[in-house]
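This report refers to the structure that appears directly beneath it.
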Amino acid sequence: MSKRVADALFPNIKTTCEEAQAMYPPRALPEGAVCTRFAPSPTGFMHIGGLYTALLNSIFTRSRGGVFFLRIEDTDQKRQIENGVTEIISALDEFQIHFDEGAVSETEDRGSYGPYRQSLRREIYQVFAKYLVEIGRAYPCFCTADELESIRARQEAADAPQKGYYGQWAACRDLDEETVLKRIANGDRWIVRMRSGGKLGVSRVYHDMIRGDLSMQENILDAVIIKGDGLPTYHFAHVVDDHLMGTTDVIRADEWIASIPLHVEMFELLGFPVPRYTHLSPIMKNEVKEDGEGVSRRKLSKRKDPEARVGYYDEAGYPIPAVLDYLLTIGSADYEPWREEHMDAPIYDFRLDLSKTGAAGALFDFDKLNNVAKKRIGHMSEEQIFDAVSAWAKRHDAQLDRFIRDNGDTFRRSITVWHERRLDVAKWSDLMELYPYLYDPDFAVDAGALPESFLAHRERIPGILADYLETFDYEDDSDAWFGKVKEVAARHNYCVKMGAYKKHPEDYNGSIADLSSFIRYALTGTTNTPDLHGIIHVIGREAAIGRVNAFLEKLN
RNA sequence: GGCCCGGUGGUCAAGCGGCUAAGACACCGCCCUUUCACGGCGGUAACACGGGUUCGAUUCCCGUCCGGGUCACCA
């Protein structure tokens, strides 16, 4: 019936649906195995939400076997950016998310269900679009933007129960064949729309792995399937590709929930089985409202939030496995306890049950990320830390990089000081921040503003430090060194036993804690540090003595 | 605005008709301790609201409120 229209629309398409499908044989997946995909658009830097989606897809698939592939959704030519595919691939690679099939570079694919970028699949979509036109389930639409707008205006005026292109409002839906043929021949601009069979007000139950059964009105819109440039819309491409490529589980962002009825109708129109759907809630952020009253949640925004960009985490020096751990704690309530038990297991050993993923969007929590990262770093070996920091510094911190190059051994020894039985460091950029006295070659203590707690001791400090220097021997081990500090303390009437001091503080000038803090401050410029003896042996004999001397000079 | 989804402490969350309503992060206190940290112990803090159903509701139903999503030839 509409064969003539179909041919007029797609004169170059000779392939049939059967032939096209024959090129994509069903996947021979083992029992229980799944096939999933990550399908981003190359429109900018990788978003943390995209990474989250990719990660969950990946874990879900790895933990039960199957195929995970990367498909590039580049049907919107206007939004493409230079090297968009490379951006995606390198970000995923950096976060150790690997694909079995899909785009592997700006131009190359791997796998036999490709091509894996939609711009290269134009003819395939057209085969199925042509078929739908032939069987009368799709038709060309010649409406201009202005006409569409006028339809909308009339719907508003008539208070139509639903706005959009459907039913009697669909101007091109029932154009007679001769008119259509004539307009095509005339070169009128056209797009193709599906002819929906849905009825207004009729609900159906759709299933989502996270939310369960969803009752929604079936689709009634004659959605566009082929755009003016001959490429498909997202919806049509999703249906054709995920069928051909054998996707069993579509795990994507929840902004697609509203499109489920549309997608299901398309699958059914084409006679394809419908995949299982899982819609992930976005990662949110609190924002102070514009009037300054209270806060509201909103999705992490590419434009406003630096932490939305995955590159942010690498630049800050969060270990990649820590970021992954954090994302998974958001993704599944089961993950944290599992991780406690299996601190050294690869993430892919975790069996992800998507039905246990929360339906509400989680607020991004830096406190939690930092805690997860500290634990992660705490479990790394010093060798792993050395390698990770070296690699990171090379990319993001010239000063630390230089230090490691010039003082590799020193740096290696320094790791013990802040790593052993400590959880101070969440990200590599903390190192310079926390420990300038270890890593800044030009480090000098500012004796201008002494800590308030020093005031009562001010007059005695020079004598104490002079005595300390007198007895100091770089070769002393930790016990010997501290023994001498105690001797100095006793000489100046600083109580060496904290218990005794607390009972009768009035009997002493101060405590061993006070006295230690003078040395600590002279060495590091702060009163809170890791083990002092360890620090002394990282900065070396010269600095260990020199800094105290310099401090003494400034005091006098 | 219509439709859809969501709503347990500051945050992430267990719970799935009967509990003194877990746990983690953050915060506070104590202990340990030469500082800090680590570790141990303890603490503050929650079922959005109003109706039902039920012997009994955090849990089931309805409404309200709040938050989010979606209504394109963008994905």
Side-chain angles (χ1 to χ4, degrees), chain A residues 39-41 43 73-79 118 141 143-145 148 156 160-165 189-193 203 206 208 210-211 214-217 221 223-235 237-238 252-261 279 281-282 284 286 294-299 326 329-330 332-334 336-337 340 356 358-372 374 378 418 420-425 434 453 482 485-486 489 494 496-499 501 511-517 519-521 524 526-533:
Chain A
S41 293
T43 54
E73 310 231 321
D74 54 353
T75 55
D76 185 352
Q77 324 239 270
K78 297 181 290 292
R79 299 202 314 163
Q118 295 177 329
C141 169
C143 289
T144 61
L148 258 20
E156 301 279 356
Q162 184 169 339
K163 317 289 185 278
Y165 206 88
R189 302 278 302 161
W190 53 264
I191 51 141
V192 2
R193 290 179 182 275
S203 285
Y206 301 90
D208 176 90
I210 290 177
R211 279 154 241 260
L214 303 174
S215 177
M216 289 189 264
Q217 176 184 281
L221 264 23
V224 175
I225 61 176
I226 299 292
K227 301 184 288 184
D229 59 7
L231 284 168
T233 53
Y234 167 84
H235 310 290
H238 152 53
R252 57 179 10 174
D254 76 348
E255 65 207 49
W256 296 110
I257 288 182
S259 307
I260 295 176
H279 290 89
S281 296
M284 316 286 284
N286 263 338
V295 292
S296 68
R297 296 189 160 203
R298 52 148 237 258
K299 262 164 89 166
Y326 175 64
T329 65
I330 290 180
S332 169
D334 291 342
E336 246 193 306
E340 288 277 328
K356 288 190 179 170
L363 220 46
F364 193 94
D365 184 355
F366 267 104
D367 280 334
K368 186 70 179 179
L369 200 218
N370 285 332
N371 177 266
V372 168
K374 285 177 178 180
W418 49 260
E420 201 173 57
R421 273 179 278 108
R422 300 197 138 250
L423 297 175
D424 298 337
V425 178
L434 256 23
S453 61
F482 195 56
V485 172
K486 282 177 177 169
Y494 278 70
V496 295
K497 289 211 159 71
M498 289 307 287
Y501 176 71
S511 71
I512 183 78
D514 294 320
L515 189 135
S516 296
S517 73
I519 303 169
R520 174 170 282 110
Y521 193 83
T524 68
T526 170
T527 53
N528 303 150
T529 74
D531 178 65
L532 254 192
H533 185 263

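All values below were derived from every heavy atom in this structure, side-chain atoms included, with hydrogens, water molecules and symmetry-related copies excluded. Per chain, numbering begins at 1; letters A, B, ... match sequence-line order.
Taking atom C1' on both nucleotides, B:C16 is separated from B:G69 by 26 Å, rounded to a whole Å. Here, B:G23 and B:G42 have their P atoms 10 Å apart, quoted to the whole Å.
Within a 6.0 Å sphere centred on NZ of A:K163, other residues, nucleotides and ligands contribute more than 12 heavy atoms.
Checking the phosphate oxygens (OP1, OP2) of B:C73, no side-chain nitrogen or oxygen of A:K78 falls inside 4.0 Å. Under 4.0 angstrom from either OP1 or OP2 of B:C73 there lies at least one side-chain N or O belonging to A:R193. Contact annotation: A:T75 side-chain N/O to B:A75 OP1/OP2 distance is under 4.0 Å.
With centres under 5.5 Å and a plane angle under 30° as the test, the ring of A:Y234 is not stacked against the base of B:C74.
Both A:R421 and A:K368 lie near RNA chain B, and the one whose nearest nucleotide falls closer to the 5' end is A:K368.
Within 4.0 Å of A:W256, counting heavy atoms only, lies at least one base atom of the nucleic acid. Among the protein residues, A:I191 comes within range of the nucleic acid bases, having at least one heavy atom under 4.0 Å from a base atom. Within 4.0 Å (heavy atoms only), A:E73 reaches sugar-phosphate atoms of the nucleic acid but no base atom.
In a base pair of the Watson-Crick type (N1 to N3 plus N6-O4 or O6-N4) or a G-U wobble (N1-O2 and O6-N3), with each distance short of 3.5 Å, B:A57 is matched with no nucleotide.
Listed for the A:R211 side chain is a donor-acceptor partner under 3.5 Å among the backbone atoms of A:H279.
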